[in-house]
**Student:** 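Quick one: structure below, then a few questions.
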Amino acid sequence: MSKSTSPYPRVSASATGTGVVSQAGTVLLLRTAEKTGLAAALTTELAPYRKPLARHDPGKIVLDLATALAIGGDCLADIAQLRAHPEIFGAVASDPTVSRLISVLATDADTALAAIGRARATARSHAWAAAGTSAPDHAIDEAHPLVLDIDATLVTAHSEKEQAAPTFKRGFGFHPLCAFVDHGTGGTGEPVAMLLRPGNSGSNTAADHITVVQDALAQLPVDPAYRVGKKVLVRIDGAGGTHGLIEYLTKRRLSYSVGFGLTETMVAALELVPDQAWTPAYDSDGQVRDGAWVTELTGLLDLSSWPKGMRVIVRKERPHPGAQLRFTDRDRLRLTAFVTNTRRGQLPDLELRHRRRARCEDRIRTAKVTGLQNLPLHGFDQNRIWLALVQLACELIAWMQMLALTDVAARRWEPKRLRLRLLSIAGRVARHARRVRLRLAATAPDIDVLVAGLNRLEALPAPA
């Protein structure tokens, strides 16, 4: 008998194991769907799409697809990962049944998306209510508003798909516009709207931004009395600095913080700003940043064509090594600007609040590892349904972290780490006294976090 030189133990493998469940940690997502009422809401809203004598509920199929994306899937066929474990996930539809449902929903996409949107809004209301002080809308006011971040991204199409088009970065695919609720420095975020657009859609199209803002507001479970008030802040990069969008946000009485392109005339007006009017800017931790200053330029500009109450705030800073300056930069300092209608607050605080819009890029990155990286279907309306599944998957993860992982570091983990350290924990199904028990792997490094999260969800009241 030869001696093994491998650093790993030699084991024999066979496909004879029973009762073993991989991805057993996914029960966190399933309990979240139940406690937020998402499962019931999808069943109710999608009931018209269930045919007589049909075995599978359309609402559960949609939820199963979202769960598959949440654990790392990127196509409809990945629902097979759930189908392999009926003890945990129940009866899961076959691939042909799933494909037929997506086709049926796509034939009347506007109605189907509206139904899914109502289910999401209902579940979001329950989730935020159950979260209490951890909810994004807890104790919001004009000084501490609920933040909506809006940004676009490019999604490459690797084959000819309906309405795929060349992009401004010389690629080919789509240019969706997304809106996310920011959970603040102690949390992550959740999507509230995604608008699928061809790849050649403009970055600063006001009509598309207005549509996304409207869809996002419809998802917020806030009191209608102030839904259109300044307790909601809309943050957008320079693509949102258009007359049409600023006028719309002003008319709806929303707070806004929007990137603004400087012209040569505006830059020339900076020469009139005295040195003492420049205030040191803050870094991401709220501390004074060396080599960066902010000032307000509103009184030195002709803003008669813009809505009343709009303020222009400019930042100048020493560029990072290797950064290329633009024509509008001055004195080897990079100039950037944004506009806001917030009346109170120190300029460095307002500027820092605007720069935190960059967290939206983190939300887009996490969405891309949760199904947004590739739109797998051919039809444009089919891919609109896919985007709804992506949002459901991202929301399941966000609500699970908000409700089950509130007081631990996992509250801010991104999907990749959650899958590796929590959702991938294995278990074994045991049956005793007519009850089914899931015995999770006791040696998993983060098993205590998983069990505590399950207990926290179990203690939440059922949605009314």
**Student:** Look at the side chain of N383 and the backbone N and O of L377, then say whether any donor-acceptor pair between them is shorter than 3.5 Å.
**Tutor:** yes
**Student:** Does the distance from a Lys or Arg side-chain N to an Asp or Glu carboxylate O, for R384 and D110, drop under 4.0 Å?
**Tutor:** yes
**Student:** For residues L148 and A216, report the shortest heavy-atom separation together with the two atoms involved.
**Tutor:** CD1-CB, 4.0 Å
**Student:** State, to 0.1 Å, how close Y256 and V339 come at their nearest heavy-atom pair, and which atoms those are.
**Tutor:** CD1-O, 3.7 Å
**Student:** Roughly how far, to the nearest 0.5 Å, is the CD atom of E247 from the NE2 atom of H243?
**Tutor:** 6.5 Å
**Student:** Within a strict 4.5 Å, meaning less than it, do heavy atoms of the E351 and Y282 side chains meet?
**Tutor:** no
**Student:** For the SG atom of C394 and the CG atom of L372, what is their distance to the nearest 0.5 Å?
**Tutor:** 7.5 Å
**Student:** Using modelled atom types and a 3.5 Å cut-off, is there a donor and acceptor pairing between side-chain atoms of R124 and backbone atoms of L220?
**Tutor:** no
**Student:** Please report the interatomic distance OG1(T340) to CG(L233), rounded to the nearest 0.5 Å.
**Tutor:** 7.0 Å
**Student:** Does A91 offer a backbone N or O that forms a donor-acceptor pair with the side chain of K60 under 3.5 Å?
**Tutor:** yes
**Student:** What do the steps show when you test Q214 against Y248 for side-chain contact (heavy atoms from CB on, under 4.5 Å), and what is the final call?
**Tutor:** CA-CA 10 Å; Q214 291 173 337; Y248 170 79; 3.1 Å; yes
**Student:** Hey, what do you get for CG (L46) to CG (L105), rounding to the nearest 0.5 Å?
**Tutor:** 6.5 Å
**Student:** Checking the side chain of Q219 only, and the main-chain atoms of G117 only, is there a donor and an acceptor separated by less than 3.5 Å?
**Tutor:** yes
**Student:** Taking C-beta and beyond as the side chain, do L254 and V213 meet within less than 4.5 Å on heavy atoms?
**Tutor:** yes
**Student:** Checking the side chain of H209 only, and the main-chain atoms of T205 only, is there a donor and an acceptor separated by less than 3.5 Å?
**Tutor:** yes
**Student:** Between CG of L146 and CG of L217, what distance do you get to the nearest 0.5 Å?
**Tutor:** 9.5 Å
**Student:** Could you tell me whether the side chains of E190 and W399 share a donor-acceptor contact shorter than 3.5 Å?
**Tutor:** yes
**Student:** Less than 4.5 Å apart, any side-chain heavy atom of R356 and any of R235?
**Tutor:** yes
**Student:** Testing the 3.5 Å rule here: is there a donor-acceptor pair between the side chains of R411 and H183?
**Tutor:** yes
**Student:** For the residue pair A410 and L405, what are the closest heavy atoms and their distance?
**Tutor:** CB-CD1, 3.8 Å
**Student:** On a heavy-atom basis, which atom in A119 and which in L38 lie closest, and how many Å separate them?
**Tutor:** O-CD1, 4.1 Å
**Student:** Would you mind reporting whether V192 and D215 have side-chain heavy atoms less than 4.5 Å apart?
**Tutor:** no
**Student:** Can you check whether A426's main-chain N or O pairs, donor with acceptor, with S22's side chain at less than 3.5 Å?
**Tutor:** no
**Student:** Would you say the side chain of R456 lies within less than 4.5 Å of the side chain of L403, judging by non-hydrogen atoms?
**Tutor:** no
**Student:** Within the distance-only criterion (no hydrogens, no angle test), does the side chain of D141 pair as donor or acceptor with the backbone N or O of A143 below 3.5 angstrom?
**Tutor:** yes
**Student:** Applying the side chain to side chain contact (heavy atoms under 4.5 Å, CB included) criterion to V212, which one of D151, L195, I236 satisfies it?
**Tutor:** L195
**Student:** Testing the basics here: between R120 and P191, what is the closest heavy-atom pair and its distance to 0.1 Å?
**Tutor:** NH2-O, 3.4 Å
**Student:** Taking side chain to side chain contact (heavy atoms under 4.5 Å, CB included) as the test, write out the residues that go with V451, two or more places apart.
**Tutor:** L440, I447, N455
**Student:** So which atom in A404 and which in L457 form the shortest heavy-atom distance, rounded to 0.1 Å?
**Tutor:** CB-CG, 3.7 Å
**Student:** Is a donor on one side and an acceptor on the other found under 3.5 Å between the side chain of H175 and the backbone of S201?
**Tutor:** yes
**Student:** Evaluate the criterion side-chain contact (heavy atoms from CB on, under 4.5 Å) for residue pair T36 and E395; output intermediate values, then yes/no.
**Tutor:** CA-CA 11 Å; T36 59; E395 286 163 343; over 6 Å; no
**Student:** What distance separates N341 CG from S257 OG, expressed to the nearest 0.5 Å?
**Tutor:** 9.0 Å
**Student:** For the pair E414 and R417, find out whether any cationic side-chain nitrogen is under 4.0 Å from an anionic carboxylate oxygen.
**Tutor:** no
**Student:** Would you find a donor on one side and an acceptor on the other, under 3.5 Å apart, between the side chain of S125 and the backbone of T122?
**Tutor:** no
**Student:** State whether K231 and D137 are salt-bridged, where the test is any N-O pair (Lys NZ or Arg NE/NH1/NH2 against Asp/Glu carboxylate O) under 4.0 Å.
**Tutor:** no
**Student:** Do other residues, nucleotides or ligands put more than 12 heavy atoms under 6.0 Å from Q81 CD?
**Tutor:** no
**Student:** Under the side-chain contact (heavy atoms from CB on, under 4.5 Å) rule, what do I116 and E45 come out as? Steps first, then yes or no, please.
**Tutor:** CA-CA 7 Å; I116 295 174; E45 294 293 346; over 6 Å; no
**Student:** What I'd like to find out is whether the side chain of T111 reaches to under 4.5 Å of the side chain of Y49, using heavy atoms alone.
**Tutor:** yes
**Student:** Hey, which of L76, L196, I102 is the one that makes side chain to side chain contact (heavy atoms under 4.5 Å, CB included) with W386?
**Tutor:** L76
**Student:** Restricting to pairs with a member in residues 133-167, which pass ring pair (Phe, Tyr, Trp, His ring centres under 6.0 Å), not counting sequence neighbours?
**Tutor:** none
**Student:** Are the side chains of L396 and M400 in touch, meaning some heavy atoms are under 4.5 Å apart?
**Tutor:** no
**Student:** Salt bridge between R197 and D208, side-chain N to carboxylate O under 4.0 Å?
**Tutor:** yes
**Student:** With a 3.5 Å distance limit and no angle check, can you tell me whether S255 reaches the backbone of K230 through a side-chain donor-acceptor pair?
**Tutor:** yes
**Student:** Check the pair L101 / T97 against side-chain contact (heavy atoms from CB on, under 4.5 Å), numbers first and verdict last.
**Tutor:** CA-CA 6 Å; L101 175 63; T97 300; 5.8 Å; no
**Student:** How about N204 and T242: does a side-chain donor come under 3.5 Å of a side-chain acceptor?
**Tutor:** no
**Student:** Could you tell me if the side chain of K161 sits less than 4.5 Å from the side chain of F174, heavy atoms only?
**Tutor:** yes
